[in-house]
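Chain naming here is simple, since letters A, B, ... match the order of the sequence lines and numbering starts at 1 in each.
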Amino acid sequence: MPELPEVEIIARSLAAQVVGRRMTALEKLDWERMVETPDLPDFRALILGREIVAVGRRAKWLLVTLDAGWTLAVHLRMSGTLIVRGPEALSDTHTHLVLALDDGRRIFFDDQRKFGRVRLLDAAGLRLLDAAHGPEPLGDTFSAEQLGRILAGRRTKLKPLLLNQAIIAGIGNIYASEALWIARLHPQIPAADAPPEQVPALHAAIRQVLEEAIANQGSSLRNYRTSYGERGHNQDHFRVYDRAGEPCERCGEPITREVIAQRSTFYCPGCQRMPVG
DNA sequence: CATTACCTGCAA
DNA sequence: TTGCAGGTAATG
């Protein structure tokens, strides 16, 4: 479910609600493989009594900074949500982990598909997680020149390249298609064959789609909610994603859906052309 | 590079 | 009943 914008909104909405609170109980954990590390007895013992100092994001990981040097890293994968609820709220069949706070509220980790994961990391573990990911596309240092260096020499097609978290962090299946449409680049172009004059356009497009999605509180197709339980509305602004058969707003050609690298990909065959030659 | 696995629910 | 879903890791 969530890509960079959705995780960013969850991080912000969670921070606004729980920074300064202390975790007093692990009230529910009914899907134990959700906790990847450390083992469960240690996980329980280490988080109880910890204060939430900050909530941030790296790639699609939510990073809940705790006191005593620990970081609770949460990946929501396809269908996870993290919602703060009041003392009277009830868990349901999709609630797999509940953390009680010292003011009576609780953080619910609901996840229909059970792909979501939690790790409690020390400083070394956090460094490893950071090192496993490419640059943050909304970071100050991510430039068109850096993107050009990333594309140079790679035979991977643009669309799967954008989805590779080790190369660029945070882009997922929606925003990869959206960014390529804005940059007028066909998703099947081998990275090294992208016309050099279009690289700055792709750089700008990536930042534009992610920033717009954040401004729209993320895209709620199915499960995604902010930590207030609210839907985003960026799904109302897609140019190509989930719009197969509809006319391209730029050239009028019908938008195509094609499976590329095992993922649904949406693009306009009229204005996203393969380079000739 | 492609395929399969991990899970559940929903719409065609 | 089948195919599909915002993600990723493991395996040929």
Side-chain angles (χ1 to χ4, degrees), chain A residues 1-11 30-37 57-62 73-83 91-97 109-119 128-129 131-134 137 154-181 187-192 206 209-210 212-214 216-227 230-245 256-266:
Chain A
M1 160 193 75
E3 307 182 25
L4 184 156
E6 291 75 30
V7 180
E8 180 66 27
I9 292 296
I10 291 169
D30 74 347
W31 187 250
E32 296 190 352
R33 72 181 65 174
M34 177 175 264
V35 178
E36 289 187 323
T37 184
R57 178 192 60 76
R58 170 70 170 116
K60 298 172 192 171
W61 285 91
L62 268 159
V74 179
H75 202 301
L76 299 168
R77 293 284 181 96
M78 291 290 265
S79 57
T81 60
L82 277 182
I83 298 178
S91 70
D92 65 26
T93 55
H94 297 131
T95 305
H96 301 302
L97 187 152
F109 189 165
D110 287 18
D111 188 1
Q112 180 182 100
R113 296 180 71 178
K114 301 180 176 175
F115 292 164
R117 294 293 181 263
V118 173
R119 301 175 183 172
L128 284 174
L129 182 139
H133 294 91
R154 289 182 198 267
R155 301 312 301 170
T156 315
K157 294 166 181 172
L158 286 174
K159 167 75 172 359
L161 178 138
L162 292 178
L163 295 182
N164 186 333
Q165 302 300 296
I167 295 177
I168 304 173
I171 301 171
N173 208 37
I174 293 176
Y175 302 113
S177 283
E178 294 290 306
L180 290 168
W181 181 87
Q188 302 255 37
I189 300 172
I206 290 168
V209 296
L210 298 175
E212 284 178 358
I214 290 171
N216 289 323
Q217 302 285 111
S219 301
S220 290
L221 280 92
R222 297 162 181 241
N223 301 287
Y224 164 70
R225 298 292 184 275
T226 75
S227 289
E230 297 166 336
R231 296 170 61 88
H233 41 276
N234 193 61
Q235 66 278 7
D236 300 334
H237 303 278
F238 292 158
R239 279 87 169 184
V240 287
Y241 186 84
D242 212 13
R243 298 187 63 164
T256 294
R257 173 187 177 274
E258 185 176 343
V259 175
I260 301 172
Q262 290 71 244
R263 305 299 304 277
S264 276
T265 303
F266 298 87

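Here B:dA5 presents its C1' atom at 13 Å from CD of A:Q262, a figure rounded to the nearest Å. Straight-line distance from the NZ atom of A:K114 to the P atom of B:dC6: 13 Å, rounded to whole Å. Whole-Å rounding puts the A:K159 NZ to B:dA2 C1' distance at 15 Å. As a whole-Å value, the separation of A:D92 CG from B:dT8 P is 14 Å.
Residues A:I9 and A:Y224 meet the side-chain proximity criterion, which asks for heavy atoms closer than 4.5 Å. A heavy-atom distance below 4.5 Å is found between the side chains of A:Y175 and A:S219. Considering only heavy atoms from C-beta on, A:E230 stays 4.5 Å or farther from A:R225 through its side chain.
The closest side-chain donor-acceptor pair between A:S264 and A:R257 falls under 3.5 angstrom.
Counting only Watson-Crick and G-U wobble pairs whose two key distances fall under 3.5 Å, DNA chain C forms stems of three or more stacked pairs at B:1-6 with C:7-12, B:8-12 with C:1-5.
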Dump every N/O contact between nucleotides 7-10 of chain C and the protein below 3.5 Å, one line per pair.
from	atom 1	to	atom 2	distance (Å)
C:dG7	OP1	A:K60	NZ	2.7
C:dG7	OP2	A:N173	N	3.2
C:dG7	OP2	A:R263	NH1	3.4
C:dG7	OP2	A:R263	NH2	2.8
C:dG7	N2	A:R77	NH1	3.3
C:dT8	OP1	A:H75	NE2	2.8
C:dT8	OP2	A:K60	NZ	2.8

Please write out each protein N/O paired with an N/O of nucleotides 2-4 of chain C under 3.5 Å, distance rounded to 0.1 Å.
none

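Scanning for ring-ring contact (aromatic ring centres under 6.0 Å, His included) contacts around A:F266 gives A:Y241, with sequence neighbours left out. Every side chain to side chain contact (heavy atoms under 4.5 Å, CB included) that A:Q188 has, sequence neighbours left out, goes to A:K157, A:H186, A:E258, A:I260, A:M274.
Looking only at distances, a side-chain donor or acceptor of A:K60 sits under 3.5 Å from a matching main-chain atom of A:I171. Looking only at distances, no side-chain donor or acceptor of A:T37 sits under 3.5 Å from a matching main-chain atom of A:R119.
Checking each of A:N223, A:T95, A:T93 against A:D110 for a side-chain hydrogen bond (donor to acceptor under 3.5 Å, both in side chains) leaves exactly one that passes, namely A:T95.
Nearest heavy-atom pair, A:H233 versus A:Q217, reported as atom, atom and distance to 0.1 Å: CE1-CG, 4.2 Å.
Taking atom P in both C:dG3 and B:dT3, one finds a spacing of 15 Å when rounded to whole Å.
With the nearest nucleotide of DNA chain B identified for both A:T156 and A:W31, A:T156 has the one nearer the 5' end.
Applying the salt bridge (Lys or Arg N to Asp or Glu O under 4.0 Å) rule to pairs touching residues 235-245 of chain A yields A:E212-A:R239, A:R243-A:E246, sequence neighbours excluded.
Residue contacts for A:N223: at a heavy-atom cut-off of 4.0 Å it reaches a base atom on one of the strands shown.
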